[in-house]
Amino acid sequence: MLNHIWFWMILASLFIAGIYDIVNSVNDEKTATEQIAKDEKAPSLSETTYLGKVTNGAIDAAELGVKIAIGLIGVMAMWLGIMRVAEEAGMIKKLGYLVRPITKRLFPTIPSDHPAIGAMIMNIAANMLGLSNAATPLGLKAMDELQKLNPEKDTASNDMITFLVINTSAITLIPASAIAIRASLGSANPQAIIVPAIMAATVATIVGLTTVKTIQYFQSKKQAAK
């Protein structure tokens, strides 16, 4: 389904850009080709046409994707290494035991000592500390462990959906990225966003968990009735 959506989005963007270029070329007194011939410093067609801008945007996005992927290698290696050390030292099991009353209700099908619990705890803790990209490898590790428990490999399980909701709306105690952006833009009090961010994330988490658990409850009732 996602592949179909992406295909039609790409096709629509090219079609709209082409229509705009045709309309602009008809309305302009000088075509881009004539302008380039008269002025050597004139911008290229890739800079003046919408099709060219769409192509440049796709290439720039592809380059950015590679840079982000390579940059994540070091972060993933560091945090997965820390998690491995914490796991070998027994810290993950202790943390899992401390939060067992909560995880047992949120993720009832996951064994309390399963590695997925530790990965999710580390991911939530990283998000709360505002570590941004550092939370990504831990989230990927948690999803990998949840996929091992998933009976239907081509469909996300209820636990995977619940974790995604928590991860997306994660409560951040120190929104370091937002504070840094506000400070770079000359905010007089960049830390003023901390309390509103905590309140907004808390409400988002409560609403998200309530919604997903309500839907999962009615789905389980519907399946049991069949």
Side-chain angles (χ1 to χ4, degrees), residues 1-26 32 43-77 79-80 107 109 116 119-120 122-124 126-127 130-172 175 177-178 181 197 200-201 204-205 207-216 218-219 222-223:
M1 177 59 71
L2 285 177
N3 290 331
H4 287 280
I5 294 174
W6 277 111
F7 172 77
W8 287 111
M9 288 177 65
I10 294 171
L11 193 64
S13 65
L14 294 174
F15 178 75
I16 294 173
I19 293 296
Y20 269 105
D21 288 336
I22 294 173
V23 173
N24 289 337
S25 64
V26 171
S44 62
L45 290 177
S46 63
E47 297 175 339
T48 56
T49 62
Y50 286 96
L51 277 175
K53 292 177 182 178
V54 169
T55 304
N56 288 340
I59 294 173
D60 293 341
E63 292 179 353
L64 179 62
V66 173
K67 290 179 181 177
I68 293 175
I70 293 176
L72 279 176
I73 293 175
V75 178
M76 289 186 68
W79 282 102
L80 290 178
F107 310 100
T109 62
M120 288 190 291
M122 295 287 283
N123 172 264
I124 294 171
N127 276 327
L131 297 179
S132 189
N133 286 340
T136 302
L138 300 170
L140 294 175
K141 175 67 175 176
M143 277 296 181
D144 182 56
E145 295 294 340
L146 291 174
Q147 179 66 3
K148 295 176 182 176
L149 298 172
N150 186 8
E152 300 179 10
K153 300 302 181 185
D154 59 343
T155 304
S157 64
N158 288 342
D159 293 329
M160 296 172 77
I161 296 172
T162 302
F163 173 65
L164 182 62
V165 170
I166 296 174
N167 183 275
T168 305
S169 61
I171 299 174
T172 304
S177 299
I181 293 173
T205 303
V207 172
L209 281 177
T210 303
T211 303
V212 74
K213 284 300 178 184
T214 301
I215 294 174
Q216 291 174 1
F218 283 108
Q219 284 183 337
K222 185 177 179 180
Q223 292 176 354

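A 6.0 Å sphere centred on NZ of K153 holds more than 12 heavy atoms belonging to other residues, nucleotides or ligands.
Among residues two or more places apart in sequence or in another chain, the side-chain contact (heavy atoms from CB on, under 4.5 Å) test is passed with I10 by L14. Every residue meeting the side-chain contact (heavy atoms from CB on, under 4.5 Å) condition with T109, not counting sequence neighbours, appears here in chain and number order: D159.
A donor-acceptor distance shorter than 3.5 angstrom exists from the side chain of D21 to the backbone of L51, with no hydrogens or angles considered.
Contact record, S157 with N150: CB-OD1, 3.6 Å, taken as the closest heavy-atom pair. Here the shortest heavy-atom pairing between F163 and G139 reads CE2-O, 3.9 Å. The shortest non-hydrogen separation linking V165 to S169 is O-OG, 2.7 Å.
With a 4.5 Å cut-off on side-chain heavy atoms, F107 and L149 do not count as touching.
Taking CE of M160 as the reference point, atom CD of Q147 lies at 4.5 Å (rounded to 0.5 Å). Interatomic distance, I19 CD1 to N24 CG, rounded to the nearest 0.5 Å: 11.0 Å. The distance from the CG atom of N167 to the CG atom of L140 is 9.0 Å, given to the nearest 0.5 Å. Put simply, CD on Q216 and OG1 on T162 are 4.0 Å apart, with the number rounded to the nearest 0.5 Å. The distance from the NZ atom of K148 to the CD atom of E145 is 4.0 Å, given to the nearest 0.5 Å. For the atom pair M120 CE and K141 NZ, the distance stands at 12.5 Å (nearest 0.5 Å).
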